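First comes the structure, then the notes that go with it.
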Amino acid sequence: MAQRLVLQRLLSLTPRTLHPQGSLAPRAPLAPRGRAFGTSAGCRSTFNVQDGSDFQDRVVNNPKPVVVDFHAQWCGPCKILGPRLEKMVAKQEGKVLMAKVDIDDHTDLAIEYEVSAVPTVLAMKNGDVVDKFVGIKDEDQLEAFLKKLIGA
(Lines give C-alpha, C1' and ligand atoms only; values in the text may rest on other atoms or scores of the structure.)
Protein backbone atom coordinates (compact mmCIF):
# COMPACT_ATOMS: atom_id res chain seq x y z
CA MET A 1 0.00 0.00 0.00
CA ALA A 2 2.78 2.45 0.91
CA GLN A 3 4.61 1.62 -2.32
CA ARG A 4 1.47 2.33 -4.35
CA LEU A 5 1.06 5.71 -2.63
CA VAL A 6 4.69 6.63 -3.35
CA LEU A 7 4.29 5.56 -6.97
CA GLN A 8 1.13 7.66 -7.33
CA ARG A 9 2.95 10.70 -5.94
CA LEU A 10 5.89 10.18 -8.27
CA LEU A 11 3.64 9.86 -11.29
CA SER A 12 1.80 13.04 -10.34
CA LEU A 13 5.12 14.93 -10.46
CA THR A 14 6.09 13.79 -13.95
CA PRO A 15 5.16 15.79 -17.05
CA ARG A 16 3.26 12.83 -18.52
CA THR A 17 0.41 10.81 -17.12
CA LEU A 18 -0.27 7.10 -17.46
CA HIS A 19 -3.52 6.09 -19.18
CA PRO A 20 -5.53 3.05 -18.02
CA GLN A 21 -4.41 1.11 -21.13
CA GLY A 22 -0.78 1.64 -20.10
CA SER A 23 0.16 4.12 -22.84
CA LEU A 24 1.82 7.42 -22.05
CA ALA A 25 0.14 10.62 -23.18
CA PRO A 26 1.04 14.24 -22.54
CA ARG A 27 -0.84 16.09 -19.85
CA ALA A 28 -3.07 18.99 -20.71
CA PRO A 29 -1.25 22.31 -20.49
CA LEU A 30 -1.74 24.32 -17.34
CA ALA A 31 -4.20 27.16 -17.55
CA PRO A 32 -2.57 30.58 -17.52
CA ARG A 33 -2.72 32.42 -14.24
CA GLY A 34 -3.42 36.06 -13.56
CA ARG A 35 0.13 36.84 -12.45
CA ALA A 36 3.26 37.14 -14.52
CA PHE A 37 6.75 36.21 -13.37
CA GLY A 38 9.37 38.94 -13.40
CA THR A 39 12.89 39.57 -12.19
CA SER A 40 14.38 42.61 -10.57
CA ALA A 41 17.77 44.18 -11.25
CA GLY A 42 19.00 42.62 -7.98
CA CYS A 43 18.25 39.11 -9.23
CA ARG A 44 20.10 39.64 -12.50
CA SER A 45 23.25 40.94 -10.80
CA THR A 46 23.51 37.99 -8.38
CA PHE A 47 24.01 34.36 -9.37
CA ASN A 48 24.92 31.02 -7.82
CA VAL A 49 28.08 29.38 -9.12
CA GLN A 50 27.29 25.92 -10.53
CA ASP A 51 30.79 24.45 -10.95
CA GLY A 52 34.44 25.32 -11.64
CA SER A 53 33.87 26.01 -15.32
CA ASP A 54 30.88 28.25 -14.52
CA PHE A 55 33.10 30.15 -12.04
CA GLN A 56 35.76 30.55 -14.73
CA ASP A 57 33.24 31.82 -17.31
CA ARG A 58 31.11 34.08 -15.13
CA VAL A 59 33.64 35.34 -12.58
CA VAL A 60 37.25 35.06 -13.76
CA ASN A 61 36.56 35.93 -17.42
CA ASN A 62 33.93 38.59 -16.67
CA PRO A 63 34.78 42.10 -17.87
CA LYS A 64 32.77 43.56 -14.97
CA PRO A 65 34.01 43.53 -11.37
CA VAL A 66 32.59 40.60 -9.40
CA VAL A 67 32.04 40.21 -5.66
CA VAL A 68 32.37 36.55 -4.67
CA ASP A 69 30.50 35.50 -1.53
CA PHE A 70 31.87 32.22 -0.13
CA HIS A 71 29.19 30.98 2.26
CA ALA A 72 27.60 27.84 3.76
CA GLN A 73 23.99 26.90 4.50
CA TRP A 74 24.83 26.16 8.15
CA CYS A 75 26.59 29.51 8.72
CA GLY A 76 24.57 32.00 10.77
CA PRO A 77 26.67 35.09 9.88
CA CYS A 78 26.40 34.13 6.18
CA LYS A 79 22.61 34.32 6.43
CA ILE A 80 22.93 37.88 7.70
CA LEU A 81 25.64 39.07 5.31
CA GLY A 82 24.30 37.46 2.10
CA PRO A 83 21.04 39.45 1.76
CA ARG A 84 22.76 42.63 2.95
CA LEU A 85 25.47 42.24 0.31
CA GLU A 86 22.93 41.39 -2.43
CA LYS A 87 21.01 44.56 -1.61
CA MET A 88 24.17 46.69 -1.82
CA VAL A 89 25.22 45.07 -5.12
CA ALA A 90 21.73 45.72 -6.56
CA LYS A 91 22.10 49.41 -5.64
CA GLN A 92 25.15 49.59 -7.94
CA GLU A 93 22.80 49.11 -10.93
CA GLY A 94 24.86 46.59 -12.88
CA LYS A 95 28.32 48.13 -12.32
CA VAL A 96 29.28 45.07 -10.27
CA LEU A 97 28.03 41.47 -10.14
CA MET A 98 27.79 39.04 -7.23
CA ALA A 99 28.66 35.35 -7.37
CA LYS A 100 27.55 33.11 -4.51
CA VAL A 101 29.72 30.05 -3.83
CA ASP A 102 28.57 27.41 -1.33
CA ILE A 103 31.80 26.02 0.16
CA ASP A 104 30.20 22.64 0.88
CA ASP A 105 29.30 22.21 -2.80
CA HIS A 106 32.49 23.79 -4.20
CA THR A 107 35.29 22.83 -1.81
CA ASP A 108 37.83 23.00 -4.64
CA LEU A 109 37.11 26.71 -5.21
CA ALA A 110 37.26 27.42 -1.47
CA ILE A 111 40.67 25.76 -1.29
CA GLU A 112 41.92 27.50 -4.44
CA TYR A 113 40.97 30.92 -3.06
CA GLU A 114 42.25 30.10 0.46
CA VAL A 115 38.91 30.42 2.21
CA SER A 116 39.49 29.36 5.81
CA ALA A 117 36.32 30.83 7.37
CA VAL A 118 32.87 31.87 6.19
CA PRO A 119 31.59 34.28 5.21
CA THR A 120 34.58 35.30 3.07
CA VAL A 121 34.00 37.89 0.37
CA LEU A 122 36.43 38.49 -2.49
CA ALA A 123 36.48 41.47 -4.84
CA MET A 124 37.64 40.33 -8.29
CA LYS A 125 38.53 42.46 -11.27
CA ASN A 126 39.87 41.08 -14.56
CA GLY A 127 40.24 37.64 -12.95
CA ASP A 128 42.39 38.88 -10.04
CA VAL A 129 41.50 39.18 -6.36
CA VAL A 130 41.93 42.88 -5.57
CA ASP A 131 40.37 42.97 -2.09
CA LYS A 132 38.74 40.67 0.46
CA PHE A 133 37.17 40.51 3.90
CA VAL A 134 36.02 37.84 6.33
CA GLY A 135 32.97 38.16 8.59
CA ILE A 136 30.00 40.49 8.78
CA LYS A 137 30.16 44.13 7.68
CA ASP A 138 27.55 46.85 8.04
CA GLU A 139 26.02 48.61 5.04
CA ASP A 140 28.44 51.57 5.17
CA GLN A 141 31.44 49.22 5.12
CA LEU A 142 29.93 47.20 2.27
CA GLU A 143 29.25 50.36 0.27
CA ALA A 144 32.88 51.49 0.72
CA PHE A 145 34.09 48.00 -0.31
CA LEU A 146 31.98 48.09 -3.49
CA LYS A 147 32.89 51.69 -4.40
CA LYS A 148 36.57 50.83 -4.07
CA LEU A 149 36.03 47.85 -6.39
CA ILE A 150 34.18 49.77 -9.10
CA GLY A 151 36.43 52.81 -8.76
CA ALA A 152 33.68 55.24 -7.78
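Since this is a predicted model, take the numbers as computed values, not measurements.
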* If Ile, Leu, Val, Met, Phe, Trp and Tyr residues are connected whenever their side-chain heavy atoms lie under 4.5 Å apart, and connections chain through other members, are Val60 and Leu97 in the same group? -> yes

Mind telling me whether Phe133 and Phe145 have parallel, tilted or perpendicular rings, with 30° and 60° as the class edges? perpendicular

SB check Glu143 Lys91 (cutoff 4.0 Å)
no

Heavy atoms of Val134 and Ala117 approach each other most closely as CG1-CB, 4.0 Å

With the side chain counted from C-beta on, respond yes when Leu122 and Val115 share a heavy-atom pair under 4.5 Å apart, and no when they do not. no

Exercise. Quick one: does Trp74's side chain get under 4.5 Å of Asp104's, heavy atoms only?
Worked result: yes

Closest heavy-atom pair, Gln50 versus Asn48, reported as atoms and distance to 0.1 Å, is NE2-O, 3.0 Å

Checklist entry - Any side-chain heavy atom of Lys64 within less than 4.5 Å of one from Val96? => result no

One should read off an interatomic distance between Cys78 SG and Leu85 CG, to the nearest 0.5 angstrom, of 11.0 Å

Taking C-beta and beyond as the side chain, do Val59 and Phe47 meet within less than 4.5 Å on heavy atoms?
-> yes

Shortest non-hydrogen pair, Arg84 vs Glu139, comes out as CG-CG, 3.9 Å

Discussion item. Given 3.5 Å as the limit, does a donor-acceptor pair link the side chain of Gln141 with the main chain of Asp138, or not?
Written reply: yes

Would you kindly confirm whether Val129 and Val101 end up in one hydrophobic cluster when ILVMFWY residues are joined by side chain heavy atoms under 4.5 Å apart? yes

Indicate yes or no for a side-chain donor-acceptor contact from His71 to the backbone of Ile103 under 3.5 Å, with no hydrogens or angles considered. no

Q. Do the side chains of Lys95 and Leu146 get nearer than 4.5 Å, heavy atoms only?
A. no

**Message:** So Met98 and Met88, do their side chains get closer than 4.5 Å, heavy atoms only?
**Reply:** no

With Met124 as partner, the option from Val68, Leu149, Asp131, Val67 fulfilling side chain to side chain contact (heavy atoms under 4.5 Å, CB included) is Val68

- Are Val118 and Ile80 grouped together when hydrophobic residues (ILVMFWY) are joined by side-chain heavy atoms under 4.5 angstrom apart? no

Membership question, hydrophobic clusters at under 4.5 Å side-chain separation (ILVMFWY): are Val130 and Val89 in the same one? yes

One should read off an interatomic distance between Ile150 CD1 and Glu93 CD, to the nearest 0.5 angstrom, of 10.0 Å

One should read off an interatomic distance between Leu81 CG and Glu86 CD, to the nearest 0.5 angstrom, of 9.5 Å

Donor-acceptor pair, side chain of His106 and main chain of Val49, under 3.5 angstrom = yes

